[in-house]
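The next block holds one structure in the form of structure tokens; read it before the comments.
Bear in mind that the values here come from a model prediction, so they are computed numbers and not experimental data. Every heavy atom of this structure was used, including side-chain atoms; hydrogens, water molecules and symmetry mates were not.
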Amino acid sequence: MYIAITNSSSSSAIFRASSRVRFSTSLLPKPFHSRASLSSLPFRSVSSSSSAFRSASRWSHGADWRSTLTLRAQIGGVAPVVQQFQRKIANMASENPFKGIFTSLPKPEGGEFGKYYSLPALNDPRIDKLPYSIKILLESAIRNCDNFQVTKDDVEKIIDWENTSPKQVEIPFKPARVLLQDFTGVPAVVDLACMRDAMNKLGGDSKKINPLVPVDLVIDHSVQVDVARSANAVQANMDLEFQRNNERFAFLKWGSHAFDNMLVVPPGSGIVHQVNLEYLGRVVFNTEGILYPDSVVGTDSHTTMIDGLGVAGWGVGGIEAEATMLGQPMSMVLPGVVGFKLSGKLQNGVTATDLVLTVTQMLRKHGVVGKFVEFFGEGMSELSLADRATIANMSPEYGATMGFFPVDHVTLQYLKLTGRSDETVAMIEAYLRANNMFVDYNEPQPEKAYSANLQLDLNDVEPCVSGPKRPHDRVPIKDMKADWHSCLDNKVGFKGFAVAKEAQEKVVTFPFNGQTAELKHGSVVIAAITSCTNTSNPSVMLGAGLVAKKACELGLEVKPWIKTSLAPGSGVVTKYLAQSGLQKYLDQQGFSIVGYGCTTCIGNSGDLHESVASAISDNDIVAAAVLSGNRNFEGRVHPLTRANYLASPPLVVAYALAGTVDIDFEKEPIGTTKDGKNVYFKDVWPSNEEIAQVVQSSVLPDMFKSTYNAITQGNPMWNKLSVPSSSLYSWDPNSTYIHEPPYFKTMTMDPPGPHGVKDAYCLLNFGDSITTDHISPAGSIHKDSPAAKFLLDRGVDRKDFNSYGSRRGNDEIMARGTFANIRIVNKLLNGEVGPKTIHIPTGDKLSVFDVAMRYKEAGQDTIVLAGAEYGSGSSRDWAAKGPKLQGVKAVIAKSFERIHRSNLVGMGIIPLCFKSGEDADTLGLTGHERYTIELPSKVSEIKPGQDVTVTTDNGKSFTCIARFDTQVELTYFDHGGILQYVIRNLIKE
């Protein structure tokens, strides 16, 4: 429903929903994956018992790495629905009101690359001033214009962006493809399977529930760091991953058979966003001879990483992605675009991670929620593609829908490096140049109109980390020791732990594998090189290897009780670390490869050693984790690490060597040599020149080609999974992983209409920055939680609980896991921390789930009160589905994170915002009141953003803003949710 883009500019180093309530699947100019056998291609067709992928074409850059292949050339035989779809695509140009600008793109040597809609042919001077990111929206609207789903008025709104964007106008957008990972992909496939059942029940054709755009699903969120510091860690962790997730993986493999156009990348292949960057990203599509820009929405908020490649990509909720798969145009507010000018050059020793943490703090302060950020300026010549992808990746952390880097020469160099064919790269350059969407820094740059402008001199960036609880709380390394001590002193909050002065220097000793270990406040117990944010960037990964090498040569060792790990985002990283000879030094420092997935960054850090865990818990130690991730919200990384710092991979190694975050790197040694000499940070830190040399000699194109040819073959455990061939899923009522959700069980063909709220109790009363990790945690299932009780009652041993993220295919567990974060702060508990609340009628203090069920069984509505930035963090649709299943009817907050707000709407929950300057505290609301929200009974009487009156049973009355931002969202609300709307419209066709 929204877009997130990142801007890709030049550098010498390669590695430095519809605007109306309109629905039709009959005219969808979209590419798709085929179910046909592609025996001539490296992608082998999938049988139920073997093979990695279902057969699929790799659009635009081809299934092999040598040539571009048109859709028709790659497909042998196709299903009737796909054949019909192809005919619609072929007829599309002749039906388009803009067919007069549909023209040929010639090849220099003769012939043509294909045909395209030419923006310059419109001869409209307003287009020349449009930001590059807005031009992608414009091209899509023109190409899809049929005066039904997309109208000429929609096109005009985008052309007139400079005047219309401040007015919050609504436009439709049709992404080219959808990207999933397994945590969000499993519930998406569950919903699709359930929708097929609903179609059957209501007399519709269940075969209409099929993706009409390419869907790529990468399994990367399930591997946990159970085994670390071991040469066999990768295999051991994968064995455990399959033991825990066999049922989930088999379900996904079934989905790749049962649904058209769905490609599943097996476990052990890499992190979704790095695979997207290095392999899946097309940049320009060529579908049936029609050329157009690549664009993607993903069910992971860091889908924005692809913006660094010049591809428009952003995160959406799973329910929005499902609607997109089924042909529903996305409705979005035409965004403002913040121009971010870069100048100068990074100083020696400063990394891309330091840069992105600086950019994140700047943009968070400026305020870019719901906006695009587009990067430009002479400083772009100093940024590699990987650097740009790092900046783009953290768009959710700075709040933007996209952080966009337009395509330039560096993009083309990267495409060649990563194995895209010369012919494909030539097509991409020719198309983008012809449509004035390519940036050539050797030519004068046209002035672009931006909604606002920011500027950063790269020379001003300094080494830094962010934490201890939020990604935008940047701390310069030189200030780290002072900042840490202020955090110990401060009251409990984002920058405080309230540790008494007399306890701050406490040292705890404990036995660890036959030796004496010690911990104090600030001791590092987890050091993880993890996350697509950084593992996609060879400069910081090889930089970490150089730090490890220098430390080994000086005789330094990371303390054995620190849980160290290295989880590359693709097999390419393993190859260049081996080529460089640096992996052996990382191994010596404990940073052995543990698997290919998100691991620690999403909370899959595994257990700490029992003696370490006991020392922390028994002595109330504020232990620290240092990770090269993008999220460090409290309770996310590990339940026992209250302080969590984001840092570059080289800094992760440095802090692991020091063993503490309570250190001044400029003045204090990080260790001593075997002969007792102090070793300082500067002694192990590599120069930019050292890093550049090893990157140049170690990162080679053949590494990308061999890696991505190999992943199409899967792995033995994946290939052995046997799955049924039926198109309808046979639900197992005893399964604790995959369960039929209740969303459509009572559904009829008549929309239920809008609902108000009558005499609702407050289930929870929150302050600011409640994240989706608080609402629907992804990590471990606490032994005393309702979800744990549910599993134990069904014979599941505690060791087999797995994580909440892995259980997202089971609504019964996820409803119990909603608001189950052990660090959640609910004002109804008067300062007590934990996943409980008060049942207002009786005063009983119980788990949130148990209280919610009491209200639900009594037929009583509930609401949630919240502060600013409610729902920030990961794009997690269960953070909306869970409250829905608990009976929550509305959330009243100071502000919402954009994806979460739209997810609430998609599940039929009312999002209300307090008026500016007001919140629950200023209005004197305690949460012990009963709340009534009056809404008209007809959806036609509700307007986007209208005022709504809320009254309480003790005589208070206040006005809120209804955060239905578009007419389409109101239509979803009228139908009880977005998926119900899609089902009814598919049946009516």
Side-chain angles (χ1 to χ4, degrees), residues 1-4 17 173 175-195 211 213-222 248 251-252 255-256 259 261-265 271-276 280 295-307 311-326 328 330 332 393 395-396 401-402 532 597-598 601-602 630-631 741 772-773 775-776 778 804-809 814 871-882 897-907 977-979 982:
M1 193 135 159
Y2 293 79
I3 294 187
F173 182 67
R177 58 189 174 98
V178 173
L179 186 69
L180 309 172
Q181 36 90 336
D182 57 300
F183 268 20
T184 53
V186 167
V189 177
V190 166
D191 287 350
L192 291 175
C194 193
M195 290 173 77
V213 299
V215 177
D216 298 312
L217 192 159
V218 181
I219 300 175
D220 67 348
H221 274 52
S222 298
R248 296 173 63 242
F251 176 70
L252 290 175
S256 72
F259 296 101
N261 318 328
M262 184 177 290
L263 174 73
V264 176
V265 178
I271 301 176
V272 58
H273 306 305
Q274 188 161 343
V275 174
N276 193 25
L280 297 173
S295 59
V296 58
V297 291
T299 56
D300 189 287
S301 51
H302 294 102
T303 301
T304 54
M305 186 169 187
I306 199 66
D307 303 340
V311 174
W314 63 99
V316 296
I319 47 182
E320 290 177 285
E322 291 159 31
T324 301
M325 292 179 210
L326 298 173
Q328 171 70 352
M330 302 179 71
M332 60 182 289
N393 178 282
S395 292
T401 305
M402 290 201 297
C532 51
C598 302
C601 187
I602 57 158
N630 46 45
R631 295 269 165 81
T772 52
D773 281 294
I775 304 168
S776 183
Y804 281 115
S806 68
R807 297 277 182 181
R808 285 180 183 164
M814 295 310 295
S872 58
S874 301
S875 59
R876 194 164 293 173
D877 56 332
W878 265 112
K881 289 178 176 177
E897 192 275 339
R898 64 173 186 86
I899 298 175
H900 183 63
R901 183 205 60 79
S902 61
N903 277 343
L904 292 174
V905 174
M907 290 307 298
I978 186 172
L979 300 183
V982 170

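- A donor-acceptor pair under 3.5 Å is absent between the side-chain atoms of Thr772 and the main chain of Gly871, judged by distance alone.
- In this structure, Ala176 and Ser295 approach most closely via the heavy-atom pair N-OG, 3.0 Å.
- Contact check for Arg631 versus His302: side-chain heavy atoms found under the 4.5 Å cut-off.
- Heavy atoms only, all atoms of each residue included: Arg898 and Gly315 are closest at NH2-O, 3.3 Å.
- Here the side chains of Asp191 and Pro741 are in contact, with some heavy-atom distance below 4.5 Å.
- Side-chain atoms of Met325 and Leu192, non-hydrogen and from C-beta on, do get closer than 4.5 Å to each other.
- Proximity of Asn393 to Cys532: side-chain heavy atoms (C-beta onward) are separated by under 4.5 Å at one or more points.
- Nearest heavy atoms, Phe259 versus Ala193: CZ-N, 3.9 Å.
- You'll find the side chain of His273 reaches within 4.5 Å of the side chain of Leu179, heavy atoms only.
- Here the shortest heavy-atom pairing between Pro396 and Ser301 reads CG-O, 3.1 Å.
- To the nearest 0.5 Å, the span separating CG on Leu904 from CG on Asp877 amounts to 11.0 Å.
- Note: Leu252 CG to Ser222 OG = 8.0 Å, rounded to the nearest 0.5 Å.
- Side-chain contact between Cys598 and Phe183 is absent, with no heavy atoms from C-beta onward closer than 4.5 Å.
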Test side-chain contact (heavy atoms from CB on, under 4.5 Å) on Glu322 and Val982; report intermediate values, then the result.
CA-CA 10 Å; Glu322 291 159 31; Val982 170; over 6 Å; no
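- Between the CG atom of Leu979 and the CD atom of Glu320 there is a distance of 10.5 Å, given to the nearest 0.5 Å.
- Residues Asp182 and Arg248 have side chains in contact (heavy-atom distance under 4.5 Å, counting atoms from C-beta outward).
- The heavy-atom pair separating Ala879 from His900 by the smallest distance is O-CE1, 3.2 Å.
- Under the side-chain hydrogen bond (donor to acceptor under 3.5 Å, both in side chains) test applied with Arg876, the options Thr299, Asp300, Asp773, Thr184 reduce to a single match, Asp773.
- Looking only at side-chain heavy atoms (C-beta outward), Val186 and Arg808 stay at 4.5 Å or farther from each other.
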Tell me, with the steps shown, if Val218 and Leu280 meet side-chain contact (heavy atoms from CB on, under 4.5 Å).
CA-CA 10 Å; Val218 181; Leu280 297 173; 4.3 Å; yes
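- Of all heavy-atom pairs between Val213 and Pro175, the closest is CG1-O, 4.1 Å.
- Checking Val265, Leu180, Val272, Val264 one by one against Ile219, the side chain to side chain contact (heavy atoms under 4.5 Å, CB included) holds for a single residue, Val264.
- Tested against Thr324, the residues Val178, Val215, Val316, Ile319 include a single side chain to side chain contact (heavy atoms under 4.5 Å, CB included) partner, Val178.
- In this structure, Asn276 CG and Ile306 CD1 are separated by 4.0 Å, a value rounded to the nearest 0.5 Å.
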